[in-house]
Each structure stands twice: as structure tokens, then as C-alpha cells.
*Asks:* 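Below is the structure I would like to discuss, written out as C-alpha cells.
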Amino acid sequence: MSKRIEAVQSVKGTRDLMPPETSVWQRVEEEARRVLRAYAFREIRTPILESTALFARSVGEDTDIVSKEMYTFQDRDNESLTLRPEATASAVRAYIEHRLFNEGGLQKLYYMGPMFRRERPQKGRYRQFYQIGAEALGSDHPAIDVESMEMLVLLLEQLSVQEFTLLLNSVGCPRCRPEYLKVLRHALEDVRANLCRDCQRRAVTNPLRVLDCKVEADQPIIEQLPRMADYLCPECRQHFEAVKDGLESRRIDYRQAPRLVRGLDYYTRTTFEITCSALGAQNAVLGGGRYDGLSEMLGGPPAPGFGFAIGEDRLALVVMDSIAKQLELGPLAYVAWIGEAALGSAENLARALRRQGISVEISHQPMKLKKSLGTASKLAARFAIIIGEGELESGRYQVKDMTTGQQTEIETNQIERYLQQNSARAI
RNA sequence: GUGAGCGUAGCUCAGCUGGUAGAGCGCCAGACUGUGGAUCUGGACGUCGCGGGUUCGAAUCCCGUCGCUCACCCCA
């Protein structure tokens, strides 16, 4: 007996994006491109596959991402390759490789595409996920930080995202951060016993994480812990103040988040995140910050930078409810033909309209008119064009507006114009 | 990687303490042979996630496995 063949399914943590969801993604990407272009960012496309060393050196050997989440394999010539877990490293690598620093001034680049991290999937977290990111390289001016955040807030507004919070912090630089960590560790030793179980562990493994604890009972203790902001060196402090002033003068709401910690080693000074309550546990829609030493870590010249990544999966999730329905547009016209004699004329009309970029659907099989209109209705077509014996003879086709039920006879060569004029919406 | 919950028709789900499957929505057809969305009537559709075990008998109980969800962790 033959055994039933098991259906192959998508691999864990990856998924197919299907209509109507894809129309939300298209909307998000269109708007992102528009806003990025408005702020003079230009697109780059880097490989998804990179040398493992790139991420080890930039993101950091000891981070979770590098130490346990990367898809890494030996190529046939034994080179170690990795599916990118993020793209800032790639962007900076490309910046160095193509000597963009020789062009002087600021280089503003953006990218979008899939990233890979082998984590346990859950809502808003996938093994293949998508980011839209941008990097501004070649300046450490605080206005870069402010302008980027301004742009992101604009993007969210354009996408009608309602409830979001901008969280801001400074993680200092290689000069002042170690000093703070020492102080924090010391402070934690005294209060450790009173913290929750998780924090007792974090106090040793990753003291910064204690600051991010959500347990109610721990909050009073955490409040009392030393803050990075109080240990910034003069330069970092000045930068932080300038960023805050910039946001305030532009009327951009933010919340200072002394506990906001980012898990990548290359961050310096400004770090930020925008969260959305609608997302649940994985509530960060986007995040980023400054990385003034990254170029040098990757063998390039000094080139301070600021960048961010938007979690497209999460942003799409937030945008979904509000606009998914209104984005689902059917074809502008459905061609309903009656009888084999009308098929040729119907196909000619469909082709002519389609060549003008008008979205048209047509049946390749004979159907009763009733069924044709039912299909047009189901597809949410705006118009149905009816072509039968009478229409063939007169050369005037019936054009029915499916929203009003109104029907008009239109000269064949006038149909395109009629459709354009009588539809308020885009093709 | 750890812990918990869940996988039954295309979708949302019901199925009590084991007696080999049901509803709503959707789909198809007809009432209505060139006019859709409403109504009525009829119809099709299930590897009960997969594999094994217990049993006379398993969607139901047990074990394993895959997947999803939630939390931890981490981050986008």
C-alpha cells in the first residue's frame, strides 16, 4: 500500500505573507520609502549572506544574537557564512568597502529586507523577519539623532498609528560606560536579595537588564539604583542634552527611559525605541541609536553614525486593523461577456484597458450573466462591462457601476475615459 | 534554549465522564435561460496535525513528534 505523502510545510518561525495582508505591507513600504526619500535617504541593497566575522565584530561575540541566534554554516570552501541577523553591520561594511567616506559629508542610506535570528517564535517575533532601516554615517551631530526620530514619528503618523511612545536613553561611550557598570554592579550586590528571582540572576549575568524588569515589587528598588545618565562623561552628557532639547523644540513627545538597554555592543550615546501597546510582549516597533565606533571596529576610518531599524512585521501588525479593509481594492472593471461570439471583443477590450494600466479581470470560460456579475461583486470590482449580442451589434457596451447599480451604454472607444472619470479612486 | 496552553470542514468553533463527527459563515447549484449583493431549497467538502500505545472500540485516555499561541529570555 502506498503511504500518503506528507505535505511539506514552511519552516518553523517563517511564514508566507498572503493577501490581504500583503497590501498592508505594500502600504507600509510605500510610505516608508516616501518619507525616507523626503529626508534625503538613498536605498542600498546588501547581500543577505555575509561573513560570520562581520557580525561577531560589530554586534558582539557575547550578545545573544551572535552567541546563540545566528544561522551560520560552513560554505564548501570552509568559509563561515551567516544569514544576516540585522543590517547595520552590512550597511557600514558597504560604506567602508565602497569608500563612501571619500565622498565627504553625510551619507544617508536605507534598506529593507529579511533578517534571520533563530529564536523561539511568538507573536511579532519570527525567525525570518523584516526590517526597514536607515543609517546616517559621517557625523556625530545630535541633530542627526533628532531628525531621524522626527522622521520616524512622521512615518507612524502617516500610517495612522495611534498609540506609541518614544523612549530615549543614553548608554554613554566606551569611556564612561564601564565606570557606570562598576557602580551598578556594586549597588546591586546590596539589594540583590530583595529582588525577584530573575533579577537575582540578571544582577550577575547582565546587570543592565535588571533595570528593565517589569515585576511590580522590584520597581521601588530599581528606582533607587544609579542611573547611566548620572555617570555620563561631559561630552556624552552634552550630546544627550542637545538631543533632548532638539526633540522638545520640535514638540516631539518622548519619555526618558533610564532602563532602556539595547542588546547590541556597538551602541554609544543615544539609544531609543518606539513601543506600541497594541503589540503585547514584543512591544517595540522600532529601535536604534548612535554607534560612533562601529566603522573603526570593522576596519574603516572613524565615521560616527546613527541608525535605526523598523520591525516591519510588527509595524504591519499595528497598521493592520485600521486600514486592512480599505486597502483591499478589487479590479476597476470586470468584463462580463455573453456567448462565444462576444469573447473576442471582450478580450480585446480587456487587453486595451490593461495596457493603460487599468486593473481588469475577465473570465476565460462562458458564464451566465448572473454568475458573471456575482463574480464581479465578489472581486469587489468597481464596474462591470457587459458585452452580449446586442452590444456587439451596436458597438456600445453596457457599463455598470457596481456600487450604485447604475448602468450606461458607452461607445467602445470611450470606455477607458469613462472608467477613469467615474472612479474617484486610483487604478 | 526553558515553562504552560492549543491543533476537529476553506474560516470561526462545538463535540460531557472513550461508542468511529456537527453548527455558523463561506463555497457550488437551483428557484431567477442577459443583470450581483437579500431570501428560500438542495449539494459538495474532514489524513479529527502526524506517529505509536491502551481498548472489543480513540477526535476523546497515554507516550512521542511537528506546528501554533502565551510567558521567560531577547529584540525589530
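Remember, predicted model here, so these are calculated numbers, not experimental data. Naming convention: chains lettered A, B, ... in sequence-line order (proteins, then strands); numbering from 1 in each chain.
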*Asks:* Taking the minimum atom-to-atom distance to the side chain of A:F129, which one of B:A76, B:G34, B:G67 wins?
*Replies:*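 Selected nucleotide: B:A76.
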
*Asks:* Pairing check on B:C72: which nucleotide meets the Watson-Crick or G-U wobble criteria with it, both distances under 3.5 Å?
*Replies:* B:G1

*Asks:* Show your reasoning for whether side-chain hydrogen bond (donor to acceptor under 3.5 Å, both in side chains) applies to A:T82 and A:E50.
*Replies:* CA-CA 5 Å; A:T82 293; A:E50 295 271 11; over 6 Å; no

*Asks:* Using a heavy-atom cut-off of under 4.0 Å over every strand shown, decide if A:G390 touches base, sugar-phosphate, or nothing.
*Replies:* base

*Asks:* Checking side-chain polar atoms at under 3.5 Å, does A:H239 have a donor or acceptor matched by the opposite partner on A:D140?
*Replies:*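 On atom types as modelled, these side chains do not qualify, holding no pair under 3.5 Å.
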
*Asks:* Could you give the CG-to-P distance, from A:D313 to B:C68, as a whole number of Å?
*Replies:* 14 Å

*Asks:* What's the gap between B:A44 and B:A38 when it is taken at their P atoms, as a whole Å value?
*Replies:* 23 Å

*Asks:* Which nucleotide in the set B:U35, B:C28, B:A76 lies at the smallest distance from any side-chain heavy atom of A:K378?
*Replies:*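 Nearest to the side chain of A:K378 among the choices is B:C28.
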
*Asks:* Over how many whole Å does the gap from A:E273 atom CD to B:A76 atom C1' extend?
*Replies:*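 Value for this atom pair: 9 Å.
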
*Asks:* Could you measure between the two C1' atoms, the one in B:C48 and the one in B:C61, and give it in whole Å?
*Replies:* 15 Å

*Asks:* Could you tell me whether A:D253 atom CG has more than 12 heavy atoms of other residues or ligands within 6.0 Å of it?
*Replies:*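 Counting other residues, nucleotides and ligands, CG of A:D253 stays at 12 neighbours or fewer.
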
*Asks:* Mind checking A:K68 for me? I need base, sugar-phosphate or nothing, with any heavy atom below 4.0 Å counting as a touch.
*Replies:*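 No contact.
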
*Asks:* Under 4.0 angstrom, heavy atoms only, what part of the nucleic acid is A:E391 near: base, sugar-phosphate, or nothing?
*Replies:*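 Touches a base.
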
*Asks:* If you check every side-chain atom of A:I338, which of B:U35, B:A76, B:G34 has the closest atom?
*Replies:*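 The closest nucleotide is B:G34.
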
*Asks:* Reckon A:L286 touches a base, only the sugar-phosphate, or nothing at all at heavy-atom distances under 4.0 Å?
*Replies:* sugar-phosphate

*Asks:* Have A:R417 and A:Q414 got a donor and an acceptor in their side chains that come within less than 3.5 Å?
*Replies:* yes

*Asks:* Would the distance check show the side chain of A:T52 and the main-chain N or O of A:S80 forming a donor-acceptor pair, the cut-off being under 3.5 Å?
*Replies:* yes

*Asks:* Atom CE of A:M367 and atom P of B:G30: how far apart are they, to the nearest Å?
*Replies:*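 In whole Å, B:G30 P lies 13 Å from A:M367 CE.
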
*Asks:* Using only modelled atom types and a 3.5 angstrom limit, is any donor from either the side chain of A:K370 or the base of B:U35 paired with an acceptor on the other?
*Replies:*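 Absent.
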
*Asks:* A:Q131 has a side chain; which of B:C70, B:G30, B:A76 sits nearest to it?
*Replies:* B:A76

*Asks:* Using a heavy-atom cut-off of under 4.0 Å over every strand shown, decide if A:L315 touches base, sugar-phosphate, or nothing.
*Replies:*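 The residue A:L315 makes no contact with any strand.
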
*Asks:* Who does B:G67 pair with, Watson-Crick or G-U, both distances under 3.5 Å?
*Replies:* B:C6

*Asks:* Side chain of A:R125: nearest nucleotide among B:G36, B:C68, B:G1?
*Replies:*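 From the listed options, B:G1 comes nearest.
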
*Asks:* At less than 4.0 Å, is any side-chain N or O atom of A:K371 found next to OP1 or OP2 of B:A29? Yes or no.
*Replies:*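 It does, given that an N or O in the side chain of A:K371 lies less than 4.0 Å from OP1 or OP2 of B:A29.
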
*Asks:* Salt bridge (charged side-chain N to carboxylate O under 4.0 Å, His left out) for A:K108 and A:E147? Distances and angles first, verdict last.
*Replies:* CA-CA 12 Å; A:K108 295 165 83 169; A:E147 197 177 78; 3.3 Å; yes

*Asks:* Where the side chain of A:Q9 is defined as all heavy atoms beyond and including C-beta, which of B:A76, B:C66, B:G36 is the nearest nucleotide?
*Replies:* B:C66

*Asks:* It should be established whether A:K123 places a side-chain nitrogen or oxygen under 4.0 Å from OP1 or OP2 of nucleotide B:U69.
*Replies:*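 A:K123 to B:U69 OP1/OP2: no side-chain N or O under 4.0 Å.
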
*Asks:* Residues of residues 403-412 of chain A with any non-hydrogen atom less than 4.0 angstrom from an atom of RNA chain B: list those, numerically ordered, please.
*Replies:*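 Output list: A:G405, A:Q407.
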
*Asks:* Quick one, give me the B/S/- string for nucleotides 2-10 of chain B, reading 5' to 3', where B means a protein heavy atom under 4.0 Å from the base and S means that only happens at the primed atoms, P, OP1 or OP2.
*Replies:* BB-------

*Asks:* May I ask whether A:Y130 stacks on the base of B:A76, given the cut-offs of 5.5 Å between ring centres and 30° between planes?
*Replies:*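 Whether judged by distance or by angle, A:Y130 falls short somewhere, so it does not stack on the base of B:A76.
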
*Asks:* What interatomic distance, in whole Å, is found between C1' of B:G64 and the corresponding atom of B:C27?
*Replies:*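 Per the computed distance, 38 Å lies between those C1' atoms.
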
*Asks:* Measure from the side-chain heavy atoms of A:R118 and tell me the nearest of B:G36, B:G1, B:A76.
*Replies:* B:G1

*Asks:* With rounding to the closest Å, how many angstrom separate the C1' atoms on B:U17 and B:C25?
*Replies:*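 Straight-line distance between the two C1' atoms is 32 Å.
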
*Asks:* Describe the nucleic acid contact of A:Y334 in one word from base, sugar-phosphate, nothing, applying a heavy-atom distance below 4.0 Å.
*Replies:* nothing

*Asks:* Cut-off 3.5 Å, side chains only: do A:D145 and A:T270 have a donor facing an acceptor?
*Replies:* yes

*Asks:* Considering only the P atoms, how many Å lie between B:U60 and B:G51, rounded to the nearest integer?
*Replies:*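 Those two atoms are separated by 12 Å.
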
*Asks:* Remember a base hit wins even if backbone is also touched, and classify A:G288 as base, sugar-phosphate or nothing at under 4.0 Å, heavy atoms.
*Replies:* nothing

*Asks:* Could you tell me if the ring centre of A:Y291 sits under 6.0 Å from that of A:Y266?
*Replies:*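 Ring centres of A:Y266 and A:Y291 closer than 6.0 Å.
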
*Asks:* Quote, to the nearest angstrom, the C1' distance that separates B:U54 from B:C63.
*Replies:* 11 Å

*Asks:* Has A:R15 got its NZ or CZ under 6.0 Å from the middle of the six-membered ring of A:Y126, at an angle within 45 degrees of the ring axis?
*Replies:* yes

*Asks:* Under 30°, 30 to 60°, or over 60°: which ring-plane class applies to A:F272 and A:F306, parallel, tilted or perpendicular?
*Replies:*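 If you compare the ring of A:F272 with that of A:F306, the planes turn out parallel.
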
*Asks:* Please give the nucleotide sitting opposite B:U55 as a Watson-Crick or G-U wobble pair, both distances under 3.5 Å, or none.
*Replies:* none

*Asks:* Between P on B:A76 and CD1 on A:I310, what's the gap in Å once rounded to a whole number?
*Replies:* 12 Å

*Asks:* Tell me whether A:K244 forms a cation-pi arrangement with A:F240, defined as NZ or CZ under 6.0 Å from the six-membered ring centre and within 45 degrees of its axis.
*Replies:* yes

*Asks:* Indicate whether the side chain of A:Y71 and that of A:E69 have a donor and an acceptor atom separated by less than 3.5 Å.
*Replies:*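 Side chains of A:Y71 and A:E69: no pair found under 3.5 Å.
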
*Asks:* Please name the nucleotide paired to B:G43 by Watson-Crick or G-U wobble geometry with both distances under 3.5 Å, or report none.
*Replies:*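 Partner of B:G43: B:C27.
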
*Asks:* Would you mind pulling out the nucleotide paired to B:U20, Watson-Crick or G-U wobble, both distances under 3.5 Å?
*Replies:*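 Answer to the pairing question: none, since B:U20 forms no Watson-Crick or G-U pair.
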
*Asks:* Distance check needed: B:C28 P versus A:K368 NZ, whole Å only.
*Replies:* 13 Å

*Asks:* Rounded to whole angstroms, how far apart are CG on A:L83 and C1' on B:A76?
*Replies:* 17 Å

*Asks:* Assess whether one donor atom and one acceptor atom, taken from the side chain of A:E69 and the base of B:G1, lie less than 3.5 Å apart.
*Replies:* no

*Asks:* Counting the atoms with a prime plus P, OP1 and OP2 as sugar-phosphate, which does A:M115 contact under 4.0 Å by heavy atoms, base, sugar-phosphate, or nothing?
*Replies:* nothing

*Asks:* Reading RNA chain B from 5' onward, which residue's closest nucleotide shows up sooner: A:G287 or A:K12?
*Replies:*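 With A:G287 and A:K12 compared, the 5'-side residue is A:K12.
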
*Asks:* What does A:A309 touch in the nucleic acid at a heavy-atom separation under 4.0 angstrom: a base, only the sugar-phosphate, or nothing?
*Replies:* sugar-phosphate

*Asks:* Under 3.5 Å, side chain of A:D313 to main-chain N/O of A:G124, donor-acceptor pair present?
*Replies:* no

*Asks:* For A:M70 and B:A76, give me the distance from atom CE to atom P, rounded to whole Å.
*Replies:* 15 Å

*Asks:* Expressed in angstrom and rounded to an integer, what is the separation of A:W25 atom CH2 from B:A76 atom C1'?
*Replies:* 11 Å

*Asks:* Rounded to whole angstrom, note down the P distance from B:U12 over to B:C74.
*Replies:* 33 Å

*Asks:* Looking at A:L137 and A:V92, what are the two nearest heavy atoms and their distance?
*Replies:* CD2-CG2, 4.1 Å

*Asks:* Mapping A:G311 and A:Q122 to their closest nucleotides on RNA chain B, which lands nearer the 5' end?
*Replies:*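 Between the two, 5'-proximity favours A:Q122.
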
*Asks:* With both distances under 3.5 angstrom, what nucleotide forms a Watson-Crick or G-U wobble pair with B:G36?
*Replies:* none

*Asks:* Write down the distance separating the C1' atoms in B:U20 and B:U2, rounded off to the nearest Å.
*Replies:* 39 Å

